[in-house]
Amino acid sequence: MSELIAAWEAQQNAYVANRAERFGIVLDAIAYARPGVRTILDAGGGLGSFSRLILERFPEVRVATLDIDPALLSLASANLSEFGDRSLIVDADLVNDDWPAALEGWLPEIVVSSTALHWLPSGNLVSLYERLARLLPEGGLFFNADHLPLSREGSFFQRVSWADDARQQGAFAEGVPDWDAWWQRFAELDGFAEVIAEREARFAAKGNEEHLDVSPAFHTVSLRVAGFGESGTLWQHFDDYVVYGVR
Ligand SMILES: C[S@@+](CC[C@H](N)C(=O)[O-])C[C@H]1O[C@@H](n2cnc3c(N)ncnc32)[C@H](O)[C@@H]1O
């Protein structure tokens with residue numbers, strides 16, 4: 001299983017140029033602004049990539065790793081097991097307004113997310129930000145590290161961002177599995193047929209589509225409207241961003 005987890009990291013690193021740097025700036029911002037933080041939520045945390053980095057960097061912090069995908073969550077349980085009761089695996093859908101009930105009282109002071117919120121339609125994203133504004137304490141922080149490629153057709157920005165994305169192909173040519181190949185490898189492992197079938201049933205029922213029709217400005221304005229006192233862009237590499245909000 002550790003090979004499959006390592007292959008996930010390679011696959012995501014291939015899709016997201018500078019993914020480590022993108023995680024790193026969030027970790028640094030947390031260390032500078034909230035060194036005494038105790039509880040962090042990783043929303044759409046997958047198999048726990050961001051959660052693991054937080055747990056390693058901040059030994060006093062506990063992390064709730066929330067995702068809708070039971071197959072990735074089963075890998076998250078293994079990936080984060082060494083952190084014992086500092087890790088909580090949460091099976092919930094961010095589109096359902098009652099998802100905080102699944103946190104078992106682990107109320108976060110900081111919420112992070114990586115490469116996940118573009119799976120939510122824009123209306124659900126606005127509702128999520130309203131929910132987060134109610135959930136986070138005053139001074140609480142939100143960081144969304146995500147691919148936000150909305151740009152005018154044929155614009156300079158689109159051309160250079162797409163040109164940069166083409167670098168991904170180099171990694172795949174060298175043998176890093178792409179998204180489909182990685183899921184194929186997972187399906188071939190013994191012991192996961194049930195969770196993979198459950199994943200497929202959930203996504204068949206609700207749809208599983210990327211929504212790439214929102215800009216960074218949409219995020220920052222939605223955060224302000226939802227009740228965050230400050231929002232902005234912390235980091236950018238072409239059309240890949242870290243957007244933040246301060247409650
Ligand atoms: C590309 S993966 C990124 C996972 C992880 N954050 C990372 O950076 O490796 C996107 C994740 O978002 C999750 N996701 C998508 N829609 C969701 C929803 N409505 N509620 C919870 N998680 C969701 C997916 O199941 C998946 O784990």
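Remember, it's 1-based here, ligands and their atoms both numbered in the order they're listed. Because the structure is a prediction, the values reported are computed rather than measured. Both backbone and side-chain heavy atoms feed into the values below; hydrogens, waters and symmetry mates do not.
- Ring-plane geometry between Tyr129 and Phe228 is classed as perpendicular, the angle between the planes exceeding 60 degrees on a 0 to 90 degree scale with a lower cut at 30.
- The shortest side-chain heavy-atom distance between Ile40 and Arg34 does not fall under the 4.5 Å cut-off.
- Among Val112, Asn124, Ile68, Leu128, the residue whose heavy atom sits closest to atom 14 (N) of ligand 1 is Ile68.
- Here the heavy atom of the protein found nearest to atom 26 (C) of ligand 1 is Asp67 OD2, 3.5 Å.
- In terms of protein heavy-atom proximity, atom 4 (C) of ligand 1 is closest to Gly44 O, 3.5 Å.
- Counting heavy atoms closer than 4.0 Å to ligand 1, residue Glu9 contributes nothing at all.
- For ligand 1 and Arg19, the ligand atoms under 4.0 Å from any heavy atom of the residue are 7 (C), 8 (O), 9 (O).
- Residue contacts with ligand 1 for Leu120 involve side-chain atoms from C-beta outward but no N, CA, C or O (heavy atoms, distance under 4.0 Å).
- Set against the non-hydrogen atoms of Gly45, the atoms of ligand 1 under 4.0 Å away are 5 (C), 6 (N).
- Judged by distance alone, the side chain of Asp146 and the main-chain N or O of Ser114 form no donor-acceptor pair under 3.5 Å.
- Contact annotation: for Ser114 versus ligand 1, heavy atoms closer than 4.0 Å belong to both the backbone and the side chain.
- At a heavy-atom distance under 4.0 Å, only side-chain atoms of Trp8, from C-beta outward, approach ligand 1.
- Residue contacts with ligand 1, taken as heavy atom pairs separated by less than 4.0 Å, involve Ala92 solely via the backbone atoms N, CA, C and O.
- Looking at Ser87, its side chain never comes within 3.5 Å of a backbone N or O of Phe83 through a donor-acceptor pair.
- With Trp183 as the aromatic partner, Arg199 meets the cation-pi criteria of under 6.0 angstrom to the ring centre and within 45 degrees of the ring axis.
- Atoms of ligand 1 found under 4.0 Å from any heavy atom of Trp119, numbered from 1 in the order shown, are 10 (C), 15 (C), 16 (N).
- Counting protein heavy atoms only, atom 12 (O) of ligand 1 is closest to Ala116 CB, 3.4 Å.
- Distances below 4.0 Å separate heavy atoms of Asp69 from the following atoms of ligand 1: 25 (O).
- With hydrogens and angles disregarded, no donor-acceptor distance shorter than 3.5 Å links the side chain of Gln11 to the backbone of Ala7.
- Comment: Arg22 engages Asp240 in a salt bridge, judged by a side-chain N to carboxylate O separation of less than 4.0 angstrom.
- What sits closest to atom 10 (C) of ligand 1 on the protein, heavy atoms only, is Thr115 O, 3.3 Å.
- Contact check for Val63 versus Phe50: no side-chain heavy atoms found under the 4.5 Å cut-off.
- Asn144 places none of its side-chain heavy atoms less than 4.5 Å from the side chain of Val242.
- Counting heavy atoms under 4.0 Å from ligand 1, residue Leu72 touches it through the side chain alone.
- Looking at atom 18 (C) of ligand 1, its nearest protein heavy atom turns out to be Asp93 OD1, 3.6 Å.
- Nearest non-hydrogen protein atom to atom 20 (N) of ligand 1 is Leu94 N, 2.9 Å.
- The existence of a salt bridge linking Glu9 and Arg19 is confirmed by a sub-4.0 Å separation between a basic side-chain nitrogen and an acidic carboxylate oxygen.
- Ring-centre distance between Phe186 and Phe192: below the 6.0 Å cut-off.
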